[in-house]
Amino acid sequence: MITDPIADFLTRIRNAQARKKDSVSMPATKMIISIAEILKKEGFLLDYQVVEAKPQSELVVDLKYVNGVPAITEVVRISKPGVRKYRGYRDIKPVKRGLGLSIFSTPMGIVTGKDAVKNKIGGEYICYVY
């Protein structure tokens with residue numbers, strides 16, 4: 001059993017890119033699929049597929065490289081199961097001067113920091129990607 005599936009997801013991506021893998025698979029959950037969708041939409045991942053299986057579905061993520069360099073250079077988990085971090089929309093700052101991406105869990109679902117500020121909603125600061 002995995003205590004923190006989001007941290008496991010981010011670590012698998014980080015480790016797979018360090019080993020220059022084309023794809024990586026992991027157990028699928030709704031939250032992880034939502035995070036993968038945001039990363040794909042923002043250009044950090046090529047694609048992802050959900051493979052239905054018993055007892056749990058698998059998420060297969062196709063990693064993105066630009067001239068042999070991983071598209072994701074840094075990924076940091078902010079809110080952890082033991083210490084949750086929350087931000088109001090006024091407290092959400094750009095990541096790496098606008099080059100990075102912050103991901104929040106809000107009442108409207110999983111959104112980027114830019115979308116949270118635009119919609120004036122705060123939430124749990126899940127992670128940031130650069």
Side-chain angles (χ1 to χ4, degrees):
M1 184 173 147
I2 300 171
T3 305
D4 188 2
I6 297 170
D8 182 58
F9 167 68
L10 299 173
T11 300
R12 286 182 192 219
I13 289 176
R14 186 182 314 118
N15 291 342
Q17 286 189 326
R19 300 296 301 161
K20 304 284 188 206
K21 300 285 186 182
D22 292 329
S23 65
V24 63
S25 65
M26 62 210 68
T29 64
K30 288 180 183 179
M31 183 172 274
I32 290 175
I33 292 169
S34 298
I35 294 171
E37 176 65 32
I38 289 174
L39 292 176
K40 177 187 171 188
K41 185 175 71 174
E42 296 292 328
F44 289 101
L45 298 176
L46 282 178
D47 199 9
Y48 70 92
Q49 301 87 6
V50 179
V51 179
E52 300 296 327
K54 295 284 181 182
Q56 186 171 6
S57 300
E58 288 271 317
L59 177 69
V60 179
V61 176
D62 297 327
L63 303 173
K64 182 177 180 179
Y65 297 92
V66 180
N67 297 328
V69 178
I72 298 174
T73 56
E74 184 179 357
V75 59
V76 176
R77 176 87 158 110
I78 302 296
S79 185
K80 299 175 182 168
V83 181
R84 302 286 185 186
K85 304 283 183 173
Y86 296 92
R87 298 280 186 272
Y89 76 91
R90 291 183 183 98
D91 300 326
I92 298 173
K93 306 291 184 227
V95 176
K96 301 287 185 179
R97 297 185 181 192
L99 298 175
L101 169 73
S102 56
I103 299 176
F104 287 84
S105 176
T106 68
M108 293 178 61
I110 307 295
V111 297
T112 65
K114 290 177 188 176
D115 292 339
V117 171
K118 184 172 72 175
N119 295 324
K120 295 185 177 182
I121 51 172
E124 183 182 352
Y125 193 178
I126 296 176
C127 66
Y128 73 82
V129 180
Y130 173 72

Side-chain touch Asp8/Arg12, heavy atoms, less than 4.5 angstrom: yes

Chi angles and distances behind the side-chain contact (heavy atoms from CB on, under 4.5 Å) call for Met31, Ile35: CA-CA 6 Å; Met31 183 172 274; Ile35 294 171; 4.1 Å; yes

Examine Tyr125 and Ile32 and state if one hydrophobic cluster contains both, with Ile, Leu, Val, Met, Phe, Trp and Tyr joined whenever side-chain heavy atoms are less than 4.5 Å apart. no

How about Lys114 and Leu101: do any of their side-chain heavy atoms sit closer than 4.5 Å? no

Mind checking whether Gln17 and Val24 have side chains closer than 4.5 Å, heavy atoms only? no

Just how far is it from atom NZ of Lys64 to atom CD1 of Ile13, taken to the nearest 0.5 Å? 13.5 Å

Kindly work out whether a path of hydrophobic side-chain contacts (I/L/V/M/F/W/Y, heavy atoms less than 4.5 Å apart) joins Val111 to Val75. no

Test of understanding: clusters of I, L, V, M, F, W, Y form through side-chain heavy atoms closer than 4.5 Å, transitively. Do Val61 and Ile6 belong to the same one? yes

Crowded around Asp22 CG? As in, over 12 foreign heavy atoms under 6.0 Å? no

Interatomic distance, CG@Leu10 vs SG@Cys127, rounded to 0.5 Å, equals 5.0 Å

So CZ of Arg90 and NZ of Lys120: to nearest 0.5 Å the spacing works out to 7.5 Å

Sequence neighbours left out, cut at 3.5 Å: what donor-acceptor pairs do the side chains of residues 76-85 make with other protein atoms?
| residue | atom | partner | partner atom | Å |
| --- | --- | --- | --- | --- |
| Arg77 | NE | Asp4 | OD2 | 3.3 |
| Arg77 | NE | Ser79 | O | 3.2 |
| Arg77 | NH1 | Ser79 | O | 2.5 |
| Arg77 | NH1 | Ile126 | O | 3.3 |
| Arg77 | NH2 | Asp4 | OD1 | 3.0 |
| Arg77 | NH2 | Ser79 | O | 3.2 |
| Ser79 | OG | Lys85 | N | 3.1 |
| Ser79 | OG | Glu124 | OE2 | 2.6 |
| Arg84 | NH1 | Glu124 | OE2 | 2.9 |

Hey, does the side chain of Tyr89 reach the backbone of Asp115 with a donor-acceptor pair shorter than 3.5 angstrom? no

For Gln56 and Ala28, work out which heavy atoms get closest and say how close. NE2-O, 3.0 Å

Does Lys20, at its NZ atom, have more than 12 non-hydrogen atoms belonging to other residues, nucleotides or ligands within less than 6.0 Å? yes

For Tyr48, enumerate each residue passing the ring-ring contact (aromatic ring centres under 6.0 Å, His included) test, keeping only those at least two apart in sequence or located in another chain. none

Could you report the tightest heavy-atom contact between Thr3 and Pro5, atom names first, then the distance? O-CD, 3.6 Å

Please say yes or no: joined through hydrophobic side-chain contacts below 4.5 Å, possibly via intermediate residues, are Val95 and Val117 part of one cluster? yes

Shortest non-hydrogen separation from Gly122 to Thr106 and the atoms involved: O-CG2, 3.5 Å

Is Val50 linked to Ile110 within one hydrophobic cluster, defined over Ile, Leu, Val, Met, Phe, Trp and Tyr using a side-chain heavy-atom separation of less than 4.5 Å? yes

Thr29 side chain reached by Phe9 side chain, heavy atoms, under 4.5 Å: no

Going by atom type alone, with no hydrogens or angles, which donor-acceptor pairs under 3.5 Å involve a side-chain atom of residues 38-46 and a protein atom two or more places apart or on another chain?
| residue | atom | partner | partner atom | Å |
| --- | --- | --- | --- | --- |
| Lys40 | NZ | Asp47 | OD1 | 3.1 |

Just how far is it from atom CG of Leu63 to atom OG of Ser23, taken to the nearest 0.5 Å? 7.0 Å

